[in-house]
Amino acid sequence: MRETQMSERPTDRSDDGAPEAATYDVVAVQDKWRKVWDDLDPFRAGSAAPGAEKRYALTMFPYPSGDLHMGHAEVMALHDVVARYWWQRGHDVLNPIGWDSFGLPAENAAIKRDENPAVFTYANIETQAESFKRYAISFDWSRRLNTSDPEYYRWTQWLFLKFRERGLAYRKFSPVNWCPNDQTVLANEQVVNGACERCGAVVTKRELSQWYFKITDYAQRLLDDMEPLESTWPSKVLAMQRNWIGRSEGAHVDFDITLASGETRTVTVFTTRPDTLHGATFMVVAADAKLAAEIVAPERAEALTAYVDEVRRSSDIDRLATDRPKTGVDLGVTATNPVTGEQIAVWAADYVLADYGTGAIMAVPAHDQRDLDFAKQFGLPVRRVVDTGEPNPEETYEATTGDGTYVNSGPLDGLGDKAAGIARIIEQLEERGTGTGTVNFRLRDWLLSRQRYWGAPIPIIHCEACGEVPVPEDQLPVELPDLKGSDLKPKGVSPLAAAEDWVNVSCPTCGGAAKRDSDTMDTFVDSSWYFFRYCSPQFTDGPFDPQAVRDWMPAAQYVGGVEHAILHLLYSRFFTKVLHDMGMIDFTEPFSALLNQGEVINEGRGMSKSLGNGVDLGEMIDAYGVDAIRLTMVFAGPPEADIDWADMSPGGSLKFLQRAWRLSGDVTSEPGTAPSDGDTALRQATHRTVAEATELVETQRFNVLVARTMELVNTTRKAIDSGPGSADPAVREAVEAVAILLSLVAPYVAEEMWERLGHEPTVARAGWPVVDESLLVQETVTAVVQVKGKVKARLEVSPEISEADLEQLAMADADVQRALDGAVVRKVVVRAPKLVNIVV
RNA sequence: GCCCCGGUAGUCCAACGGCAGAGACACGGUGCUCAAACCACCGCCAGUGUGGGUUCGAAUCCCACCCGGGGCACCA
């Protein structure tokens with residue numbers, strides 16, 4: 001990182017007694033107020049005045065992998081501006097904190113250290129809690145929860161069983177993503193570019209029997225319910241979710257395949273272009289799907305097996321390579337095109353995905369580049385059925401995908417409208433019973449089983465006689481057995497399976513010998529409902545107290561990283577809808593507004609051990625103090641933009657805070673002095689700043705809020721040194737406003753200022769200054785006179801001036817007349833009281 | 001390939017379609033000092049990525065392109 005001017009201590013001292021500007025001792029101030037706040041407990045939800053509006057300020061709970069880092073510092077600083085602002089506005093605020101404390105890092109650490117993951121986990125939680133307190137986030141510390149506490153995961157398990165009762169949790173045997181490094185399966189959402197989202201290992205496939213949540217049942221609602229979030233969620237997140245859900249309209253079309261045995265088998269394909277059915281000249285099925293093996297002609301079976309082996313060997317990463325030549329194998333059977341009656345070849349290829357649509361496609365090479373590449377590779381026929389006016393793809397091997405006039409398409413010929421073409425074909429297919437209009441989603445069900453130890457056990461008992469038996473509710477939680485060290489080593493099956501005493505139980509239904517399900521749940525299950533639990537963390541009659549949830553939810557503001565766009569945020573929305581359908585809540589979206597903060601990077605790149613460009617939060621706080629670090633984070637730029645720490649100057653932030661603090665020592669009037677006799681210009685500046693600050697916080701322009709506060713500090717400094725002087729009541733009013741504004745960002749110095757101004761703690765609950773509207777009214781405003789858009793004169797006018805008067809004044813101005821130079825005025829645009837534009 | 005977000009002084013960033021500069025960093029100067037740091041004051045630097053369009057007027061709206069960052073991607 002860039003050289004920063006670090007002093008030994010965050011305060012500058014001189015060795016001799018030379019005159020110097022007063023500074024406060026950052027460390028002493030932090031120690032002092034920590035204790036006071038611990039006693040006052042000022043942020044307890046429910047502590048606002050009776051009848052206060054309730055606001056839920058939520059921030060994504062941390063994973064306890066170590067101490068807090070720069071990223072936490074940023075997200076919490078931004079989040080806390082909003083939470084503290086709401087308190088100042090008199091709202092009742094719920095600002096809870098807890099830990100997402102199940103997960104692999106703790107388990108891996110436990111294997112290394114030969115201990116139980118709880119040791120590492122709970123030690124880190126204490127470290128982070130202490131750091132959060134030092135960092136002065138306005139949490140309600142009475143609501144702490146950890147997802148790894150049995151009293152929490154009891155309800156995670158309970159929810160799983162409720163989902164299962166509703167048919168939303170089920171087990172199936174199918175190919176799954178397998179991380180060979182973490183030795184567990186992964187959800188689709190956790191596979192990024194063919195690699196494990198957590199560890200980066202290349203993901204392979206396995207066939208396993210696993211638990212799934214039926215999130216696909218909610219695909220359409222997850223899509224539809226985004227509409228009201230349009231103005232309060234980042235469009236990027238909405239776009240990513242839409243993309244992930246991947247709705248596409250089209251048709252299922254049935255093709256009859258004549259098998260080698262002479263039997264006929266109907267295979268359904270999904271297409272978004274049923275209108276091009278007349279151009280379907282061959283069919284392709286996913287090579288790795290069962291279907292391929294079932295329909296292949298005997299003499300082609302060996303070739304198919306060889307091909308499938310080849311495909312299996314290549315990882316998803318290889319498959320992602322663009323411009324890879326098309327590969328495939330002829331299955332030796334033919335299908336009947338349902339509209340043309342033609343016999344077309346059936347191939348297997350890896351460019352058709354087994355788990356999208358039906359795993360089989362009709363290939364229309366003329367109008368799909370992938371199909372065309374395949375046709376070219378294997379010499380399959382190409383037939384144009386839409387004339388787009390472009391060169392014929394039969395000759396150019398450039399597929400045309402746009403609109404055009406149908407040709408070679410029987411009844412569609414001559415039609416020029418795609419929508420009509422699609423509608424007509426679907427109608428025809430439905431009449432004949434060979435197809436139907438349909439909607440397809442890219443979203444897959446959520447695979448929730450994990451073959452690891454440190455998670456919530458799946459509360460199911462497998463009995464040979466009774467099958468899957470849910471653990472009775474009164475036996476929840478199913479607690480983890482106390483395993484440690486090598487017992488936890490990943491071996492491809494859950495470590496729980498080897499815990500004989502734990503896994504062998506009697507069946508709750510028949511009493512016979514049975515085994516517990518030895519998998520644990522994906523930790524994203526834990527985090528899909530923690531924000532409900534926060535509303536009543538000690539509740540024992542259910543996952544949450546319905547009244548408490550009614551009081552606080554949906555969360556008014558959720559702050560966290562965009563990396564959860566299609567993971568946590570999608571899953572939480574799904575959980576909320578299910579809870580709604582269960583009748584447990586009366587809303588369907590958990591988070592009314594979402595803010596994605598940017599990342600803290602260094603020298604243009606993400607901080608990482610390998611780059612050696614990490615910045616240590618603890619060291620930064622030791623060098624500059626909590627307030628300066630928080631201020632730097634908030635002032636850096638718009639909250640959603642990345643912060644390059646190399647461009648930041650925490651030293652400058654500290655300098656500003658010292659400057660603001662100094663003001664509080666210069667105020668000589670008594671606390672409670674009425675400001676009405678104070679200097680009007682300074683009063684106007686104060687009230688304008690507060691009015692604007694209100695707007696700025698509410699529109700999340702926190703960096704500008706800081707700039708406005710700096711401006712007020714500068715103005716007040718001038719008023720003290722070369723204006724009305726330190727005794728003027730307006731100076732007190734201004735400095736008190738500065739303290740309150742700063743309390744959102746720099747709580748320690750704000751508190752110190754508040755005390756020096758003669759007030760009792762805590763400034764955090766002092767209340768937002770009331771704006772005197774009359775002080776916002778300006779006696780004169782500057783009107784700009786433009787000639788052809790160029791400024792030629794400025795006039796001081798009344799804000800109430802009429803358009804006619806302003807025009808007259810403008811035309812009479814000497815500079816304007818000179819600029820006009822006798823030219824003919826064609827038009828005069830008047831926007832009283834601010835502007836006149838004369839067009840010549 | 002498709003979809004988002006961004007491009008304004010040396011740097012980080014402001015600017016309801018209406019004076020391009022709020023704030024800060026860095027830099028320079030003056031005062032204070034033996035000197036420096038600190039502090040106070042003053043100064044400094046851009047016409048808004050490029051090309052068109054709309055408009056009385058565009059950093060802002062529209063179109064095309066360039067550059068940077070991110071997301072999705074053999075999704076039928």
Side-chain angles (χ1 to χ4, degrees), chain A residues 2 5 7 12-14 18-23 192-193 234-240 242-244 246 248 250 269-273 276 284 319-324 326 349-353 355-364 367-371 373-374 440-442 562-563 565-566 598-599 601 604 632 635-638 640-644 646-653 655-656 658-659 662 692 701 703-711 713-714 717-718 721-722 782-794 826-831 834-840:
Chain A
R2 195 178 63 169
Q5 48 292 331
S7 52
D12 296 288
R13 294 162 175 276
S14 73
E20 65 174 59
T23 58
V192 179
N193 290 329
S235 54
K236 181 182 180 177
V237 172
L238 297 175
M240 283 169 75
R242 281 200 186 94
N243 212 329
W244 188 258
S248 42
V269 306
F270 173 73
T271 176
T272 55
R273 291 296 303 275
T276 61
V284 187
R319 292 185 52 144
L320 292 173
T322 49
D323 302 336
R324 212 163 53 99
K326 289 280 183 287
D350 66 351
Y351 85 93
V352 173
L353 308 177
D355 60 356
Y356 181 79
T358 62
I361 63 155
M362 62 179 214
V364 184
H367 307 296
D368 183 291
Q369 192 59 48
R370 295 157 301 182
D371 297 344
D373 291 343
F374 193 83
N440 190 61
F441 294 95
R442 185 183 172 282
V562 72
E563 67 273 15
I566 54 163
E599 252 182 286
I601 60 172
T632 303
F635 185 48
E640 57 281 356
D642 287 349
I643 298 174
D644 193 333
D647 293 332
M648 295 300 116
S649 47
S653 298
K655 208 168 101 176
F656 162 69
Q658 295 283 11
R659 189 173 150 80
R662 228 173 282 127
E692 207 180 342
R701 286 179 292 161
N703 55 327
V704 187
L705 165 78
V706 172
R708 292 291 173 267
T709 309
M710 289 173 166
E711 221 178 333
V713 166
N714 293 343
R717 180 83 260 155
K718 281 200 181 102
D721 290 350
S722 52
T782 306
V784 175
V785 185
Q786 302 175 330
V787 175
K788 288 193 292 185
K790 301 279 178 246
V791 179
K792 295 297 177 188
R794 291 159 215 275
R826 292 220 318 257
K827 186 174 178 184
V828 181
V829 180
V830 185
R831 293 282 178 274
K834 293 180 72 178
L835 176 127
V836 178
N837 189 16
I838 302 162
V839 188
V840 296

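All values derive from a computational prediction rather than experimental measurement. Per chain, numbering begins at 1; letters A, B, ... match sequence-line order.
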A/R442 side chain near B/rA73 phosphate (N/O to OP1/OP2, under 4.0 Å): yes
A/D642 CG to B/rG6 P, straight-line distance once rounded to whole Å: 13 Å
Among B/rC4, B/rA40, B/rA14, the one nearest A/R659 by side-chain distance: B/rA40
Between C1' of B/rG70 and CD1 of A/I601, the distance in whole Å: 12 Å
base_contact_polar (B/rC56 base, A/N837 side chain, donor-acceptor, <3.5 Å): yes
Nucleotide nearest A/S235 (side chain, heavy atoms from C-beta), chosen from B/rA14, B/rC5, B/rA76: B/rC5
Atom pair distance, as rounded to whole Å: CG in A/D721 and C1' in B/rC41: 10 Å
Separation of atom CZ in A/F656 from atom C1' in B/rC12, rounded to whole Å: 17 Å
Nucleotide nearest A/F270 (side chain, heavy atoms from C-beta), chosen from B/rA76, B/rG71, B/rC13: B/rA76
Residue A/Y351, side-chain atoms from C-beta onward, closest of B/rA24, B/rC74, B/rA40: B/rC74
Sugar-phosphate, base or nothing in reach of A/A636, heavy atoms under 4.0 Å: sugar-phosphate
Sugar-phosphate, base or nothing in reach of A/P638, heavy atoms under 4.0 Å: sugar-phosphate
A/R701 side-chain proximity, nearest of B/rG23, B/rA15, B/rG18: B/rA15
B/rC56 phosphate, OP1 or OP2, under 4.0 Å from A/K827 side-chain N/O: yes
Side chain of A/R717 (C-beta onward), nearest among B/rA76, B/rC41, B/rA14: B/rC41
Whole-Å distance separating the CD atom of A/E599 from the P atom of B/rG69: 13 Å
Polar side-chain contact A/K326-B/rC74 base: donor and acceptor under 3.5 Å: yes
Per A/W244 side chain, nearest of listed nucleotides B/rG23, B/rA73, B/rG18: B/rA73
Test side-chain hydrogen bond (donor to acceptor under 3.5 Å, both in side chains) applied to A/R831 and A/N837, step by step: CA-CA 8 Å; A/R831 293 282 178 274; A/N837 189 16; over 6 Å; no
For B/rG47, glycosidic torsion class - syn if within 90° of 0, otherwise anti: syn
Given B/rC13, B/rG23, B/rA40, the nucleotide with the shortest approach to the side chain of A/F635: B/rG23
Touch class at under 4.0 angstrom, heavy-atom based, for A/N714 against every strand present: sugar-phosphate
No-H, no-angle donor-acceptor pair, A/Q786 side chain to B/rG18 base, under 3.5 Å: yes
Side chain proximity check, A/I361 to A/D371, heavy atoms < 4.5 angstrom: yes
Gap between atoms NZ and P, on A/K655 and B/rG23 respectively (whole Å): 15 Å
Rounded distance (Å) that lies between atom P of B/rA9 and atom CG of A/D647: 14 Å
Separation between the P atoms of B/rC63 and B/rC25, rounded to whole Å: 40 Å
Distance below 4.0 Å between A/K834 side-chain N/O and B/rC16 OP1 or OP2: no
Below 4.0 Å: OP1/OP2 of B/rC12 and any side-chain N or O of A/N703: no
Structure string for RNA chain B in dot-bracket form, Watson-Crick and G-U at under 3.5 Å, | interchain: (((((((..((((....[..).))).(((((.......))))).....(((((..]....))))))))))))....
side-chain contact (heavy atoms from CB on, under 4.5 Å) involving A/A793 - partner list, sequence neighbours excluded: A/V785, A/D813, A/D815, A/V816
Nearest-neighbour nucleotide for the A/A707 side chain, B/rC74, B/rG23, B/rA40 considered: B/rG23
Under 3.5 Å side-chain donor-acceptor pair for A/R442 and A/N243: no
Nearest to side-chain heavy atoms of A/D368, which nucleotide of B/rA76, B/rC39, B/rG23: B/rA76
Those residues that, when tested against A/R717, pass salt bridge (Lys or Arg N to Asp or Glu O under 4.0 Å) (two or more places apart): A/D666, A/D721
A/F374 and A/Y351 aromatic ring geometry - parallel, tilted or perpendicular at 30°/60° bounds: tilted
ring-ring contact (aromatic ring centres under 6.0 Å, His included) against A/F656, all qualifying residues, sequence neighbours excluded: none
Counterpart residues, side chain to side chain donor-acceptor pair (under 3.5 Å), relative to A/N703 (two or more places apart): none
Non-neighbouring partners of A/E563 that pass salt bridge (Lys or Arg N to Asp or Glu O under 4.0 Å), sequence neighbours left out: none
